Amino acid sequence: MTVVKLGGSIITDKGVDFSYRDEAVRSIGRAIASTGEKVVIVHGGGSFGHPIAKKFHLSSSKPRRSSEGVSETRRAMFDLDARVCDSLLAAGLEPYAFSPYPLLAQAGRKGSAWLRAMLVAGLTPVTFGDVVHSKEGFRIISGDTISLSLCESLGATRCIFVMDVDGILDRDGKVISTLDEEDANRLMGLTSSDATGGIALKVKEALKMAASGTEVAFVSGFRPRELSKALKRVRFHGTIVRVPSRD
Ligand code: ATP
Ligand code: IPE
């Protein structure tokens with residue numbers, strides 16, 4: 001079983017608010033369908049969720065007491081999710097959309113039994129970055145964090161981050177084919193202006209996944225053939241995260 005995170009940068013054009021990339025998502029969907037792999041899809045907010053979250057100062061790091069903007073942000077995410085599901089359906093998959101909150105609230109393998117049942121039935125569960133509430137208030141939970149939690153509760157073999165670049169890039173813009181902790185630390189200095197922490201958070205979550213036994217890959221969604229290879233676990237153009245040794 002594989003968790004596929006579709007980054008906001010591939011499913012939307014982050015430079016233009018509410019710009020959805022139908023053709024890119026369809027070709028990703030076709031790549032997934034052609035491998036026949038059991039996949040759970042998580043997508044980000046891109047130019048739908050982030051501009052609204054930003055407008056209302058909603059973020060993953062600082063919870064807000066006020067519920068202002070929660071409905072608007074979720075409305076944008078459900079709108080984006082409907083488009084993603086339409087593209088996947090057109091690509092031959094049978095998406096089953098769900099909000100991640102109830103699943104996260106009752107984490108653990110038991111809570112995800114219904115999700116396994118969906119996979120067995122041949123459906124492709126689809127979820128997304130969302131707004132959640134805790135004691136401290138409302139905050140955004142990123143698709144990356146949801147992916148990590150799904151990998152743990154489902155015991156996923158692999159998590160593939162699909163984005164608009166060929167993999168994790170070094171400071172010279174070259175793809176790091178095998179990323180280890182040292183590379184990750186070097187990337188931590190890079191900053192981001194979106195609601196959920198950007199590439200540094202992504203790499204941090206990836207290392208956590210790798211440490212708990214899930215293989216992690218980064219690949220471009222503009223290269224569906226490379227995505228197919230990553231799904232089939234054969235050599236592909238992109239980044240693989242090296243599992244830190246346990247000794
Ligand atoms: P963000 O974290 O910006 O919200 P996202 O969740 O949309 O991104 P992805 O779609 O997975 O993430 O893509 C990662 C984005 O981070 C890409 O758009 C890429 O341009 C940008 N990026 C910044 N620094 C790097 C880096 N060192 N390696 C790879 N991508 C990087
Ligand atoms: C953001 O999810 C969700 C909201 C803004 C509500 P992500 O943080 O996973 O989105 P991307 O992938 O970076 O766009």
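None of these values were measured; they are calculated from a predicted model.
- Ser212 and Glu152 share no donor-acceptor pair across their side chains, judged by distance under 3.5 Å alone.
- Between Lys229 and Glu226, at least one side-chain N (NZ, or NE/NH1/NH2) sits under 4.0 Å from a carboxylate O, which counts as a salt bridge.
- For Leu207 against Ala184, the heavy-atom pair with the smallest separation is CD1-CB, 3.3 Å.
- Going from atom NE2 of His43 over to atom CD1 of Ile146 covers 9.5 Å, rounded to the nearest 0.5 Å.
- Partner of Arg74 under the salt bridge (charged side-chain N to carboxylate O under 4.0 Å, His left out) criterion, out of Asp79, Asp81, Asp130: Asp130 alone.
- The two residues Gly45 and Leu80 make their nearest non-hydrogen contact at O-CD2, 3.5 Å.
- Heavy atoms of other residues, nucleotides or ligands lying less than 6.0 angstrom from CD of Glu182 number 12 at most.
- Taking the side chain as every heavy atom from C-beta outward, Val126 and Leu88 approach each other to under 4.5 Å.
- Residue Ser99 comes nearest to Thr127 through the heavy atom pair C-OG1, 3.7 Å, listed as atom of the first residue, atom of the second, then distance.
- Under the 4.5 Å side-chain criterion, counting only non-hydrogen atoms from C-beta, Arg139 is in contact with Val132.
- Residues that satisfy the salt bridge (Lys or Arg N to Asp or Glu O under 4.0 Å) test with Asp180, not counting sequence neighbours, are Arg242.
- Taking the side chain as every heavy atom from C-beta outward, Arg158 and Ile240 approach each other to under 4.5 Å.
- Using a 4.5 Å heavy-atom cutoff, the side chains of Leu89 and Pro95 are in contact.
- The shortest side-chain heavy-atom distance between Val4 and Val162 falls under the 4.5 Å cut-off.
- A donor-acceptor pair shorter than 3.5 Å cannot be found between the side chains of Ser47 and Tyr20.
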Open item on the list: One pair to check against side chain to side chain contact (heavy atoms under 4.5 Å, CB included): Asp166 and His237. What are the steps and the verdict?
Closed with: CA-CA 7 Å; Asp166 284 352; His237 180 61; 3.2 Å; yes
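- To the nearest 0.5 Å, atom OG of residue Ser27 and atom CZ of residue Arg225 are 12.0 Å apart.
- Taking OG1 of Thr145 as the reference point, atom NZ of Lys202 lies at 9.5 Å (rounded to 0.5 Å).
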Open item on the list: Run the side chain to side chain contact (heavy atoms under 4.5 Å, CB included) test on Thr239 and Thr178 for me, step by step, so that the C-alpha distance in whole Å, both residues' side-chain angles and the decisive distance to 0.1 Å come before the verdict.
Closed with: CA-CA 6 Å; Thr239 300; Thr178 311; over 6 Å; no
- [ ] Give the intermediate values and the outcome of salt bridge (Lys or Arg N to Asp or Glu O under 4.0 Å) for residues Glu215 and Arg233.
- [x] CA-CA 10 Å; Glu215 296 172 8; Arg233 301 170 77 197; 2.5 Å; yes
Task: Audit row: Phe222, Ile10, side chain to side chain contact (heavy atoms under 4.5 Å, CB included) steps and yes/no - done: CA-CA 8 Å; Phe222 292 128; Ile10 183 69; 3.6 Å; yes
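- Phe98 has its side chain out of reach of Phe128: every pair of non-hydrogen atoms, C-beta onward, lies at least 4.5 Å apart.
- Minimum heavy-atom separation, Phe56 to Arg64: O-NH1, 2.5 Å.
- Using a 4.5 Å cut-off on side-chain heavy atoms (C-beta onward), Ser142 and Ser60 make no contact.
- Separation of atoms OG (Ser147) and CD1 (Ile160) is listed at 11.5 Å; rounding is to 0.5 Å.
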Could you list the donor-acceptor pairs under 3.5 angstrom formed by side chains in residues 28-40, with sequence neighbours left out?
{"residue": "Arg30", "atom": "NH2", "partner": "Glu23", "partner atom": "OE2", "Å": "2.9"}
{"residue": "Ser34", "atom": "OG", "partner": "Arg30", "partner atom": "O", "Å": "3.4"}
{"residue": "Ser34", "atom": "OG", "partner": "Ala31", "partner atom": "O", "Å": "2.9"}
{"residue": "Thr35", "atom": "OG1", "partner": "Ile32", "partner atom": "O", "Å": "2.8"}
{"residue": "Thr35", "atom": "OG1", "partner": "Glu37", "partner atom": "N", "Å": "3.3"}
{"residue": "Lys38", "atom": "NZ", "partner": "Leu119", "partner atom": "O", "Å": "3.1"}

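- Using a cutoff of 4.0 Å between basic side-chain nitrogens and carboxylate oxygens, Asp22 and Arg83 are not scored as salt-bridged.
- Ring geometry for Phe218 versus Phe161: interplanar angle under 30°, hence parallel rather than tilted (30 to 60°).
- Rounded to the nearest 0.5 Å, atoms NZ (Lys54) and OG1 (Thr73) are 13.5 Å apart.
- Between Ile11 and Val84 the shortest side-chain heavy-atom distance falls below 4.5 Å.
- No donor-acceptor contact under 3.5 angstrom links the side chains of Asp13 and Ser19, judged on distance only.
- Here the straight-line distance linking atom CE of Met209 with atom CG of Leu148 works out to 5.0 Å at 0.5 Å rounding.
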Task: Check against side chain to side chain contact (heavy atoms under 4.5 Å, CB included), Phe236 and Arg223 - done: CA-CA 10 Å; Phe236 67 98; Arg223 296 177 184 265; over 6 Å; no
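- In this structure, Asp17 has no salt bridge (Lys or Arg N to Asp or Glu O under 4.0 Å) partners at least two apart in sequence or on a different chain.
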